[in-house]
Engineer: 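One structure, as structure tokens, below. Some questions next.
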Amino acid sequence: MRSDVIVVGCGPAGSLASLEAARKGVEVLVLEEHKVVGEPDHCAGLVSVSGLKKLGLRVPEECVLNEVYGARFFSPSGIDFTVRRGTPQAFVLDRRAFDKWLASLAHDSGAHIVLGERATSLRVKAGEATVTVKGEWEARGKVVVDAEGCRGKIARLAGLPRPGRRVPAVQYEVTGVDVDRDFVELHFERALAPGFFAWVIPTKDGARIGLGAISQPRKRLEAFMRKRGFSCARIIRRTAGTIITGGPVRRTYASHVVTVGDAAGQVKQTTGGGVVVGGLCAKIAGQVVADAILRDDVSRLVKYQQLWKKILGKEFFYMGLARKFLDKISDRGLDGLFRAIREQGGVEILESYGDMDFEAVALKKLLASPRTLLTAITYMLT
Ligand SMILES: Cc1cc2nc3c(=O)[nH]c(=O)nc-3n(C[C@H](O)[C@H](O)[C@H](O)COP(=O)(O)OP(=O)(O)OC[C@H]3O[C@@H](n4cnc5c(N)ncnc54)[C@H](O)[C@@H]3O)c2cc1C
């Protein structure tokens, strides 16, 4: 099979890259290993309203399970603060329905999606890229977009780096729990969730309760559920996945190949959210790839990296610093930091400047508060 562009993976990043490229008039072939788009899913589905707007998406109602107005943050000893706004800040999405809807947009723009076909290898030679599918047939194109998610094997075959630090995560979808439908909860405790945190995300009639940690996430999640008083929750679904916290890879393009979304590490290092930031990068990739093909000049793929860095480079830099800080701080330090944020105007800063996807401004403002900074450094060293 021959096409201008071959997109490997039909998650959000693959669909958004395909949509943009197809809209520009190039032929797009999407390979998805599963027989149904969006399944199996592994995501908490929390996606900011502002981020979806930036992606130019008006999500249909059937993809939205709940709307939340803010977040409650809990320290190891239970010191908490709430960041709230008067309007919905994020949707809790049915990721399976959302992924299917995005794929339908790509299809309607002209992308040809082939399901149940797994890309297994890549060869770049004589001005074209060839992807082998299940080792049985070949798809040839001018550019390959690797949107495989955290596995990202095709990008590795092109010589691109693998995203760095990652944590395993487990999530239970439950009913029979008493949660505030308007707020998500984030619980930070090194002893409980080293390297990440635990979350409670209210859905239509229950919650998604999950935890990421450098080791034993399932055991730790069950300990968290007991601690949070959710022992009697009725578990209706269990999922697991890998959260990338190491930030974007150094290089996201090679000869005839670009990589997008989780495959490129385009995930917020602080929260593990990748739908919006990965989606923004994927849209840029789709446009740059189409442009390179229409001009018959694949050396233009370099523009993809230049453009996403221009929009998100600073964000990834500050979120990376915040992640390093969170990984180092002790539980006692976290308690002190939460107290400092609560007592020294941190909540107001987060309410005024916080943006779920573009966190750099709020992080800089928090660090600009000398007392918060001093507290943070003191506790980090103790
Ligand atoms: C537990 C957990 C909770 C999360 N919660 C959130 C959240 O609340 N909000 C948020 O924004 N992000 C969240 N994320 C991150 C989010 O899920 C990812 O950033 C996002 O799905 C990345 O999209 P993607 O298209 O790059 O990859 P994926 O969504 O992983 O899609 C990749 C697609 O490629 C297909 N594929 C893979 N390899 C091949 C191959 N060789 N050939 C053909 N097809 C292939 C896969 O089947 C899949 O369909 C969470 C992640 C985890 C693990």
Side-chain angles (χ1 to χ4, degrees), residues 6-18 29-48 51-52 55 65 68 71 90-93 95-96 98-100 102-103 106 113-122 131-135 139 144-157 163 166-173 184 186 196-199 201 203 208-213 217 221 238-245 259-268 270-282 285 356-357:
I6 300 163
V7 178
V8 182
C10 198
S15 287
L16 286 164
S18 306
L29 170 68
V30 188
L31 301 170
E32 167 55 50
E33 66 181 346
H34 292 106
K35 290 216 160 70
V36 183
V37 170
E39 295 181 23
D41 69 323
H42 49 242
C43 178
L46 190 73
V47 179
S48 72
L52 289 165
L55 288 171
L65 301 174
V68 294
F91 292 136
V92 181
L93 295 177
R95 265 296 299 268
R96 287 175 285 182
F98 176 71
D99 283 20
K100 284 189 187 77
L102 281 183
I113 302 172
V114 184
L115 299 175
E117 298 289 359
R118 179 170 188 197
T120 48
S121 76
L122 170 81
V131 172
T132 307
V133 182
K134 275 192 209 147
V144 170
V145 177
D146 184 20
E148 281 178 289
C150 63
R151 200 190 300 141
K153 182 181 167 198
I154 295 296
R156 301 309 77 79
L157 292 172
R166 43 184 75 209
V167 290
V170 172
Q171 178 175 267
Y172 292 170
E173 198 141 348
V184 301
L186 304 180
F196 208 62
F197 55 84
W199 62 87
I201 297 184
T203 55
R208 288 179 180 147
I209 305 171
L211 181 146
L221 174 60
R238 292 175 165 85
T239 56
T242 302
I243 296 177
I244 294 169
T245 59
T259 178
V260 296
D262 276 19
Q266 290 160 338
V267 177
K268 292 184 289 174
T270 44
T271 64
V275 173
V276 171
V277 291
L280 289 170
C281 296
M356 269 179 68
D357 305 298

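Each ligand, and each atom within it, is numbered from 1 in the order the structure gives. Owing to the predicted nature of the structure, the values given are computational and were not obtained by experimental measurement.
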Engineer: How far apart are the C-alpha atoms of Leu280 and Leu55, what are their side-chain angles, what is the distance that settles it, and do they pass the side chain to side chain contact (heavy atoms under 4.5 Å, CB included) test?
Structural biologist: CA-CA 6 Å; Leu280 289 170; Leu55 288 171; 3.7 Å; yes

Engineer: Less than 3.5 Å between some nitrogen or oxygen of Ala119 and one of ligand 1, yes or no?
Structural biologist: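 Right, the criterion is met.
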
Engineer: Over all heavy atoms of both residues, which pair between Ala263 and Gly152 is shortest? Give the atoms and the distance, please.
Structural biologist: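 What the structure gives for the nearest pair is CB-CA, 4.1 Å.
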
Engineer: For the residue pair Gln171 and Cys43, what are the closest heavy atoms and their distance?
Structural biologist: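 The answer is NE2-O, 3.2 Å.
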
Engineer: Can Asp41 and Asp99 be said to form a side chain to side chain contact (heavy atoms under 4.5 Å, CB included), step by step?
Structural biologist: CA-CA 9 Å; Asp41 69 323; Asp99 283 20; over 6 Å; no

Engineer: Run the side chain to side chain contact (heavy atoms under 4.5 Å, CB included) test on Leu65 and Arg208 for me, step by step, so that the C-alpha distance in whole Å, both residues' side-chain angles and the decisive distance to 0.1 Å come before the verdict.
Structural biologist: CA-CA 11 Å; Leu65 301 174; Arg208 288 179 180 147; 3.2 Å; yes

Engineer: Could you check atom 5 (N) of ligand 1 against the protein and tell me its nearest heavy-atom contact, residue, atom and distance included?
Structural biologist: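 The closest one turns out to be Ala44 N, 3.0 Å.
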
Engineer: Taking only heavy atoms of His34 into account, list the atoms of ligand 1 that are under 4.0 Å away from them.
Structural biologist: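 Matching atoms, with element in brackets: 47 (O).
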
Engineer: Taking all heavy atoms of Ala13 and all of Gly261, pick out the closest pair and write down the distance.
Structural biologist: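 Between these two residues, the closest heavy atoms are CB-CA, 3.8 Å.
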
Engineer: State which residues pass side chain to side chain contact (heavy atoms under 4.5 Å, CB included) with Cys10; sequence neighbours excluded, sorted by chain then number.
Structural biologist: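 Result, side chain to side chain contact (heavy atoms under 4.5 Å, CB included) vs Cys10: Ser15, Val30, Glu32, Val37, Ala103, Ile113.
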
Engineer: Suppose we measure from atom 38 (N) of ligand 1 to each protein heavy atom; which comes out shortest, and what is that distance?
Structural biologist: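 Going atom by atom, the protein heavy atom closest to atom 38 (N) of ligand 1 ends up being Arg151 NH1, 3.1 Å.
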
Engineer: Ligand 1 and Ala13, any nitrogen or oxygen pair closer than 3.5 angstrom?
Structural biologist: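 N/O-N/O distance under 3.5 Å: yes.
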
Engineer: Which is it for Thr242 and ligand 1 at heavy atoms under 4.0 Å: side chain, backbone, both or neither?
Structural biologist: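 The answer is the backbone.
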
Engineer: For atom 51 (C) of ligand 1, which candidate among Val277, Ile243, Val170, Val7 provides the closest heavy atom?
Structural biologist: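 It is Ile243 that holds the nearest heavy atom.
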
Engineer: Is Lys153 in contact with ligand 1, taking contact as a heavy-atom separation below 4.0 Å?
Structural biologist: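 In this structure, Lys153 fails to qualify as a contact of ligand 1 - no heavy atom is under 4.0 Å.
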
Engineer: Looking only at protein heavy atoms, which one is nearest to atom 1 (C) of ligand 1, and what is the separation?
Structural biologist: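 It is His42 O, 3.0 Å.
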
Engineer: Counting each atom of ligand 1 from 1 as listed, which ones have a heavy atom of Glu117 under 4.0 Å away?
Structural biologist: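 Every atom of ligand 1 under 4.0 Å from some heavy atom of Glu117: 43 (C).
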
Engineer: Without swapping roles, check the side chain of Asp146 against the backbone of Glu148 for a donor-acceptor pair under 3.5 Å.
Structural biologist: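 Judged by distance alone, yes, a pair lies under 3.5 Å.
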
Engineer: Given that the side chain starts at C-beta and the backbone is N, CA, C, O, which of these parts of Ala147 lies under 4.0 Å from ligand 1, counting heavy atoms, or is it both or neither?
Structural biologist: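 Looking at Ala147 and ligand 1, just backbone atoms fall under 4.0 Å.
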
Engineer: Looking only at protein heavy atoms, identify the closest one to atom 34 (O) of ligand 1 and say how far it is in Å.
Structural biologist: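 Its nearest protein heavy-atom neighbour is Gly9 CA, 3.1 Å.
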
Engineer: Examine the proximity of ligand 1 to Glu33 and report which part, side chain or backbone, both or neither, has a heavy atom under 4.0 Å away.
Structural biologist: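 For Glu33, the contact with ligand 1 is made by both the backbone and the side chain.
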
Engineer: Please state which option from Pro12, Gly279, Pro40 has its nearest heavy atom closest to atom 23 (O) of ligand 1.
Structural biologist: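 When every heavy atom of Pro12, Gly279, Pro40 is considered, Pro12 comes closest to atom 23 (O) of ligand 1.
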
Engineer: Does this structure show an ion pair linking Lys100 with Glu39, if we count only N-O contacts that are shorter than 4.0 Å?
Structural biologist: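 Between Glu39 and Lys100 there is a salt bridge, with a charged N closer than 4.0 Å to a carboxylate O.
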
Engineer: So is there a nitrogen or oxygen of Val276 less than 3.5 Å from a nitrogen or oxygen in ligand 1?
Structural biologist: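 By distance alone, the answer is no.
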
Engineer: Before you tell me yes or no, could you show the steps for Val170 and Arg238 under side chain to side chain contact (heavy atoms under 4.5 Å, CB included), namely the whole-Å CA-CA distance, both residues' side-chain angles and the distance that decides it to 0.1 Å?
Structural biologist: CA-CA 7 Å; Val170 172; Arg238 292 175 165 85; 6.0 Å; no

Engineer: Looking only at protein heavy atoms, which one is nearest to atom 9 (N) of ligand 1, and what is the separation?
Structural biologist: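 Checked against all protein heavy atoms, atom 9 (N) of ligand 1 sits closest to Leu46 O, 2.9 Å.
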
Engineer: Is there at least one pair of N or O atoms, one from Gly274 and one from ligand 1, spaced under 3.5 Å apart?
Structural biologist: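 Gly274 vs ligand 1: N/O contact under 3.5 Å present.
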
Engineer: Nearest protein heavy-atom contact for atom 49 (O) of ligand 1: which residue, which atom, what distance?
Structural biologist: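 Protein heavy atom at minimum distance: Glu32 OE1, 2.7 Å.
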
Engineer: Does Thr120 offer a backbone N or O that forms a donor-acceptor pair with the side chain of Thr132 under 3.5 Å?
Structural biologist: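 Here the side-chain-to-backbone pair does not exist.
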
Engineer: Which atoms of ligand 1 sit under 4.0 Å from any heavy atom of Gly272?
Structural biologist: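 Under 4.0 Å from Gly272, ligand 1 has these atoms: 12 (N), 13 (C), 14 (N), 15 (C).
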
Engineer: Only heavy atoms of Gly241, strictly under 4.0 Å: list the atoms of ligand 1 that pass.
Structural biologist: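 What qualifies from ligand 1 is 53 (C).
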
Engineer: If you take all heavy atoms of Thr270 and Phe197, which pair is closest and at what distance?
Structural biologist: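 What the structure gives for the nearest pair is O-CE2, 3.5 Å.
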
Engineer: For the 3.5 Å polar cut-off, considering only N or O atoms, please tell me whether Arg95 and ligand 1 meet it.
Structural biologist: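 In this structure, Arg95 places an N or O atom under 3.5 Å from an N or O of ligand 1.
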
Engineer: Listed by chain and number, what are the salt bridge (charged side-chain N to carboxylate O under 4.0 Å, His left out) partners of Lys153, not counting sequence neighbours?
Structural biologist: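 Lys153: no salt bridge (charged side-chain N to carboxylate O under 4.0 Å, His left out) contacts found.
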
Engineer: Considering non-hydrogen atoms only, spot the tightest contact between Val276 and Gly51 and give its length.
Structural biologist: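 Scanning both residues, the minimum pair turns out to be CG1-CA, 3.6 Å.
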
Engineer: Any idea which heavy atoms bring Ile243 and Trp199 closest together, and the distance?
Structural biologist: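 Smallest heavy-atom distance, with atoms named: CD1-CH2, 4.1 Å.
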
Engineer: Would you mind checking which non-hydrogen protein atom is closest to atom 50 (C) of ligand 1, with the distance to 0.1 Å?
Structural biologist: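 Scanning the protein heavy atoms, the shortest distance from atom 50 (C) of ligand 1 goes to Cys43 SG, 3.9 Å.
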
Engineer: Going by distance only, is there an N or O of Arg118 that falls short of 3.5 Å from an N or O of ligand 1?
Structural biologist: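 Between Arg118 and ligand 1, no N or O pair is found under 3.5 Å apart.
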
Engineer: Considering non-hydrogen atoms of the protein only, which is the closest contact for atom 27 (O) of ligand 1, and what is the distance?
Structural biologist: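 The protein heavy atom lying closest is Gly149 CA, 3.4 Å.
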
Engineer: Determine whether the side chain, the backbone, both or neither of Asp262 has a heavy atom under 4.0 Å from any heavy atom of ligand 1.
Structural biologist: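 Within the 4.0 Å criterion, Asp262 contacts ligand 1 through backbone and side-chain atoms alike.
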
Engineer: In ligand 1, which numbered atoms sit nearer than 4.0 Å to a non-hydrogen atom of Gly261?
Structural biologist: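 Near Gly261, the atoms of ligand 1 are 26 (O).
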
